[in-house]
Amino acid sequence: MESVRDHPVTIAKSANAVGKTHGAARVAVWWYRCFRDCQVYTGAAPPESNLKKLLWGEINGLVEKHQELFKSDIKTILHIQKSAQSFLTGVTIPTSGTEAQREAKFSGKHSPHLLFILDEGDAIPDEVYKGIESCMSGGHARLLVMFNPRAEIGQAYRMERDGKANVVRLSAFNHPNVVTGENQIPGAVTRETTVRRINEWCRPLAEDEQIDSECLELPEFLAGAIARSHSGQEYPPLKAGFYKVMEPAFSYMVLGKYPAQGANQLVSREWIAKARSRWDVYVSQYGERPPELTKAVMGQDVAELGTDANIACFRYGGFVERLISWGDVDTVATGDRATAEYKSRNVSRCNVDATGVGAGVAPHMQRAGCVSTPVKVASSPTEKTELGEFHILRDQLWWLCREWLRTDPGAMLPPDEFLIEELQTPTYEVKNGKIHVMKKDTMRELLKRSPDRADSLCLTFFRANLLFPEFL
């Protein structure tokens, strides 16, 4: 509440069952009752039940407990008002419709005292934040965003990264139930659960191991604590000292912080950071000119009319140009634009995503004199790895991009926050001897957009193989 009082934007990163929704409901009612002229807008990531059962379940509980405070108010589902211009309301976020329609849901709100509360904020589309931002330019306006910090993606993460929000971290280690060992707040996280997770998801740090970002020091009040597994096995008492986090879920479910590195994350943030640093060093010496005597491989991701974008990526060995984006054109216009970009550079070949709407772009570029290869990313892979075979060609291309960033000391990535976010989003698994990279639909759901920029970079790693003539 102090953070919401004192800062325009508050991000509450929360462990599981530590009371963030409980607190948010009280912030909503506090604001509504303390300001005579105010509007409070509450929202939650779909489905609508997240808003009705969780946040508004807490709000309605407060209304029932303190009926005297609301006896003259009008109360309906997801709405409480004391006048036409002063109210506390719930706004549902549709899963269908356009980005503009979702943005409009939170646009055009004006009041002398304006408060927005977003639950599960990491899963809320970027356009909602854009709509809210347009309302916060005047008056006394505040935004509270709450979520479990599973991955460093989305607008909530970017606001924190860029220093545009005050961050409040709700850790299980600070909860009264865990600190005292007594269940003072029924239904909240318990010491038993926390100690069990330490035993199952962490290990004591060895004497010769260095302390890093994946380590934590056991709080003094948990030294000697015991717990049982779900099967009834009793774990030995916890020892004081440092522990290594082995399961990424421990970071966001217990500590309320982003995992340092997912165990099955495809591309490490460290590799990306090094590639970004090399790009900056190179540009400081040579400018944004590709290395001499080096031809580019062009990756062309294709989108038609809609929300996705057409992205052209030019990779000269290790150097990647700033990506080129355009949208809202048909495939013929895309072919013309891609051809123009191709011919303005020293390019050896262009690999074009030929799935769906992109099928006609490569032939169009070929007729214009470009060396252009249609790539059907859902088809059979052309290469293998010691870890296993690839499920489909898309998995192979993402893996080749991963290995380039991991092993090539000359890999250089341009300053592109969307590209970086897309590269560090996917995980992978080896199932039945085959490597599966996170599906594009899942990435789209996490990012709230299509990973077009990373897809175009991955396309630059396709190598035509005469054993697979369907690619030629």
Side-chain angles (χ1 to χ4, degrees), residues 2-4 7 9-24 45 118-124 143-179 188-191 193-205 209-222 225 238 241-273 417 420-421 424-427 446-447:
E2 290 176 351
S3 179
V4 172
H7 300 276
V9 180
T10 295
I11 288 179
K13 299 194 301 185
S14 171
N16 281 27
V18 296
K20 65 178 173 63
T21 306
H22 171 97
L118 299 180
D119 200 4
E120 306 297 336
D122 59 331
I124 288 177
L143 168 62
L144 169 62
V145 185
M146 306 172 297
F147 60 97
N148 295 112
R150 295 178 179 85
E152 294 178 333
I153 56 176
Q155 182 59 24
Y157 162 69
R158 292 193 290 271
M159 286 192 296
E160 176 186 352
R161 181 198 63 192
D162 298 339
K164 296 180 179 178
N166 186 58
V167 178
V168 177
R169 185 160 65 88
L170 306 177
S171 167
F173 287 168
N174 301 126
H175 197 279
N177 290 0
V178 179
V179 174
V189 64
T190 64
R191 176 178 283 193
T193 297
T194 303
V195 173
R196 183 175 64 247
R197 287 171 173 169
I198 294 172
N199 278 282
E200 294 179 354
W201 292 347
C202 305
R203 63 168 174 79
L205 198 66
E209 280 189 281
Q210 295 292 320
I211 299 172
D212 58 24
S213 60
E214 297 181 30
C215 296
L216 66 98
E217 186 173 13
L218 189 76
E220 290 184 5
F221 58 80
L222 289 181
L238 291 177
F242 285 88
Y243 285 72
K244 182 86 167 181
V245 177
M246 304 302 294
E247 167 55 56
F250 184 87
S251 292
Y252 61 81
M253 291 181 67
V254 178
L255 302 178
K257 59 185 289 188
Y258 292 111
Q261 176 67 44
N264 61 337
Q265 187 171 344
L266 184 70
V267 181
S268 163
R269 295 197 302 270
E270 181 182 358
W271 308 338
I272 294 173
E417 67 176 44
I420 291 170
E421 189 176 43
Q424 66 185 25
T425 295
T427 57
L446 291 171
L447 292 161

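Just so we're clear, the structure is a prediction, and the values are computed from it rather than from any experiment.
Atom OH of Y243 sits about 4.5 Å away from atom CG of L238, to the nearest 0.5 Å. In this structure, CG in L447 is found 5.0 Å from CD1 in I153, a value given to the nearest 0.5 Å. Taking OG1 from T425 and CD from Q265, the interatomic distance works out to 8.0 Å, rounded to the nearest 0.5 Å. Atom-to-atom distance recorded for I198:CD1 and L216:CG is 7.0 Å, nearest 0.5 angstrom. The structure places CD1 of I11 at 9.5 Å from OG of S3, a figure rounded to the nearest 0.5 Å. Separation of atoms NZ (K244) and CD1 (I211) is listed at 10.5 Å; rounding is to 0.5 Å.
Residues satisfying the ring pair (Phe, Tyr, Trp, His ring centres under 6.0 Å) test with Y157, not counting sequence neighbours, are Y258. Shown here are the ring pair (Phe, Tyr, Trp, His ring centres under 6.0 Å) partners of Y252, two or more places apart in sequence or in another chain: there are none. The side chain to side chain donor-acceptor pair (under 3.5 Å) test applied to R196 returns H230, not counting sequence neighbours. In this structure N199 satisfies the side chain to side chain donor-acceptor pair (under 3.5 Å) test with no other residue, sequence neighbours excluded.
V179 and R191 make their closest contact through O-NH2, 2.7 Å (heavy atoms, listed as atom of the first residue, atom of the second, distance). A156 approaches G121 most closely through the heavy-atom pair CB-O, 4.4 Å. For A45 against E120, the heavy-atom pair with the smallest separation is CB-O, 3.6 Å. V254 and S171 get closest at one heavy-atom pair: O-OG, 3.5 Å. Scanning all heavy atoms of the two residues, the minimum distance from K20 to D119 falls at NZ-OD1, 3.1 Å. Of all heavy-atom pairs spanning N16 and V189, the tightest one is O-CB, 3.8 Å.
The one candidate from L143, V4, V167, V145 that meets the side-chain contact (heavy atoms from CB on, under 4.5 Å) condition with T10 is V4.
Put simply, the side chain of W201 does not reach to within 4.5 Å of the side chain of V245, judged on heavy atoms. F147 is not listed as a side-chain neighbour of L118, based on a closest heavy-atom distance of 4.5 Å or more. Put simply, the side chain of V267 does not reach to within 4.5 Å of the side chain of Q424, judged on heavy atoms.
Between E421 and R161, no side-chain nitrogen of the basic residue sits less than 4.0 Å from a carboxylate oxygen of the acidic one, so the salt-bridge criterion is not met.
Counting only residues at least two apart or in different chains, salt bridge (Lys or Arg N to Asp or Glu O under 4.0 Å) contacts with residues 167-179 are absent. Counting only residues at least two apart or on different chains, the salt bridge (Lys or Arg N to Asp or Glu O under 4.0 Å) pairs with a member in residues 143-152 are D122-R150, E152-R269.
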